[in-house]
Amino acid sequence: MSLTSSSLRRRVGTVVALASLLGLPPSCSVHDIPGMEVARPSTTSSSTQSVPSSGSQAADAIGPVSPLPIEEPIEVTYSDTQGRAAQTLLARFDLREQGRLTPVRTQRTNGPCWAFAALASVESSLMPGMPLDLSENDMVNRSGFDRGPYGGGTRQMAAAYLASGAGPVSERGGQRVVDVLNIHYLPKNKLGPDNPVLKRAIMNEGAVFTLFFQEAYYLNRKVNYFAPTSHPTNHAVAIVGWDDNYSASNFLQRPEGDGAWIIRNSWGTKKGEQGYYYVSYYDRQIGTANAVYLGSPTGTYKRIYQHDPLGATDRRGPVGDAWYANVFTARGTEHIGAVGLWSLTAGVDYEVYLAPVTGGRPDVSKAQLAASGALPYAGYHTIETSGMDVTAGQAFSVIVHVRSNSSDHLVPAELPISGYSSRASAEPGQSFISTDGTNWRDFTEIAPKGNVALKALATR
């Protein structure tokens, strides 16, 4: 069958710290996890503002924040619709009142706010039916990225750890009790109440990971926060609701209008409103780098085949229309029932083919269309396929054809980035790229230590 048919460095801001400081994760290589075997071969950009020094009464009401800006090495392209169906939005919504949040956690040390925010999202996505306490420490210690305990962390680091199958694991016992098979990157907050995509995500999917700038100077009455000027983001929290009518008079400096996001922090229940805060819709950083991490019970997939445990750290390839593929070797008699696709651009159409391997390359003449559709939002997506049976030692390939009206390079790639993902590695014969689906080039010829970010999942 012919495949020619249609088918992420950082900058230190001048910050007067009125609270203890927090950074983010040490790193470690990805390991196999019981329950799902992991198979892998041998900025926010904004002007920096100084924060006025103040003897604010709020200084004891916040916890540690990152001493460095938390910036992602690559930008994501969004859509205003993000594929979420229109639905009536309430003037006020609070996941606490829906029983869809686990208890507020306490990070205690200068490091893991990004892990607390991401796992708050995973846990919330399973509530109220499946209450969990997942291990932030495991995510911090085994993410595989370069950043040390004070170096900051990103939604993409959390996404890579979760999509790789390294976790999450339970706080007690360290067992994998949930898979994260889909991760949605959401558009940045617009100043004001008009944020339907973000609000619908909270209503339908649970708590949303976000970054913002936290400083005691801007906190009023220990629960109300509004920073009217731009700063580098330095803290990760979870947005759990909103109130369109929350009065602007509640904030130390009056914002342009009423309304606030309700956020869950990771400083325990003795700070804020039992661990929760209200951040003005008009705060200049809230709602930066948003994501929802959707959990599901373990057991659907037996093994993950991948060359990208650090996920999509960059993108390469053609603009508008691109082909890419990974070659894997089966470790047992299995059925390849799904693939894991990364997309750093919203609104991408895709076709997935499964094919044998001949001469070390995907055999396009025998490729079979296994799935097709659209990715209306950026992130990580588990796509069920018509499947392919393989036996131990058999080489097989996953081929993807993507199209978009954007001006983005469309091939997601795991590339080494100094100070971020330097442990990324690759070997010839693992990943391939093409402009037409017929003529293929080994990806290491383009990026010697880079691989295509694409996974295969075995169901049995």
Side-chain angles (χ1 to χ4, degrees), residues 43-47 72 75-98 100 117 121 124-125 155 183-214 218 220 223-231 233 235-264 276-292 294 344-347 374-379 405-406:
T43 326
T44 38
S45 62
S46 60
S47 59
E72 294 188 326
E75 292 192 6
V76 173
T77 303
Y78 305 103
S79 162
D80 285 338
T81 59
Q82 293 283 123
R84 301 181 193 281
Q87 66 188 110
T88 301
L89 293 172
L90 303 173
R92 184 180 182 279
F93 182 82
D94 190 338
L95 287 170
R96 291 176 294 181
E97 299 168 359
Q98 309 294 316
R100 294 170 57 193
S121 177
S124 178
S125 74
R155 65 175 169 182
I183 300 164
H184 301 164
Y185 294 162
L186 306 176
K188 187 179 186 301
N189 171 53
K190 300 175 184 176
L191 298 184
D194 185 22
N195 287 277
V197 173
L198 190 52
K199 289 180 176 180
R200 287 173 186 140
I202 297 168
M203 287 179 63
N204 298 329
E205 297 164 349
V208 171
F209 173 103
T210 194
L211 299 178
F212 81 125
F213 174 74
Q214 175 75 66
Y218 296 118
N220 191 37
V223 298
N224 305 311
Y225 190 87
F226 169 56
T229 55
S230 295
H231 301 275
T233 54
H235 192 44
V237 294
I239 303 177
V240 301
W242 68 86
D243 186 344
D244 290 347
N245 298 315
Y246 199 75
S247 177
S249 65
N250 286 316
F251 302 99
L252 189 64
Q253 299 182 54
R254 191 180 185 96
E256 294 92 315
D258 292 342
W261 297 108
I262 304 169
I263 68 164
R264 163 183 160 142
Y276 294 86
Y277 295 74
Y278 295 83
V279 181
S280 170
Y281 282 154
Y282 299 90
D283 183 270
R284 295 308 191 261
Q285 278 71 233
I286 190 66
T288 299
N290 307 305
V292 286
L294 304 179
L344 299 175
T345 301
L375 303 175
Y377 33 77
N405 292 326
S406 76

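Keep in mind that the numbers below use all heavy atoms, side chains included, and drop hydrogens, waters and symmetry copies.
- Taking the six-membered ring where the residue is Trp, the centroids of Y278 and Y246 are separated by under 6.0 Å.
- Closest approach of R155 to A291, counting heavy atoms only: CD-CB, 4.1 Å.
- In this structure, F251 has its ring center at least 6.0 angstrom away from the ring center of Y282.
- Considering CG of D94 and CZ of R92, their distance stands at 5.0 Å, rounded to 0.5 Å.
- Atom-to-atom distance recorded for L90:CG and D243:CG is 11.0 Å, nearest 0.5 angstrom.
- Between T345 and S406, the shortest heavy-atom contact is CG2-OG, 3.5 Å.
- Here the OG1-CD distance, from T229 to Q253, works out to 7.5 Å after rounding to the nearest 0.5 Å.
- The shortest non-hydrogen separation linking G257 to A248 is O-CB, 3.5 Å.
- Taken to the nearest 0.5 Å, the OH atom of Y225 stands 12.5 Å off from the CG atom of N220.
- A donor-acceptor pair under 3.5 Å is absent between the side-chain atoms of E205 and the main chain of L294, judged by distance alone.
- Side-chain contact between I262 and R96 is present, with at least one heavy-atom pair separated by less than 4.5 Å.
- Taking CD from Q285 and CG from L211, the interatomic distance works out to 10.5 Å, rounded to the nearest 0.5 Å.
- M203 is listed as a side-chain neighbour of L89, based on a closest heavy-atom distance under 4.5 Å.
- Under a 3.5 Å cut-off, the side chain of T210 and the backbone N or O of V237 do not form any donor-acceptor pair.
- Minimum interatomic distance between P187 and V197 (heavy atoms only, all atoms of both residues): CD-CG1, 3.7 Å.
- None of N195, D244, N189, D258 except one satisfies the side chain to side chain donor-acceptor pair (under 3.5 Å) rule with Y281; the exception is D244.
- Relative to the six-membered ring of F213, R284 misses at least one condition, a distance below 6.0 Å or an angle of at most 45° to the axis.
- A 4.5 Å side-chain heavy-atom check between L344 and Y185 finds at least one atom pair inside the cut-off.
- When side chains are defined from C-beta on, V240 does not count as touching I202, because their heavy atoms never get closer than 4.5 Å.
- At distances below 3.5 Å, at least one donor-acceptor pair connects side-chain atoms of N224 with backbone N or O atoms of N250.
- I286 is listed as a side-chain neighbour of I263, based on a closest heavy-atom distance under 4.5 Å.
- The nearest pair of heavy atoms linking P193 to K199 is O-NZ, 2.9 Å.
- Taken to the nearest 0.5 Å, the CZ atom of F212 stands 7.0 Å off from the CG atom of D283.
- Put simply, the side chain of S124 reaches to within 4.5 Å of the side chain of L95, judged on heavy atoms.
- Using a 4.5 Å heavy-atom cutoff, the side chains of Y218 and H231 are in contact.
- Taking 4.5 Å as the limit, every side-chain heavy atom of W261 sits out of range of all side-chain heavy atoms of V208.
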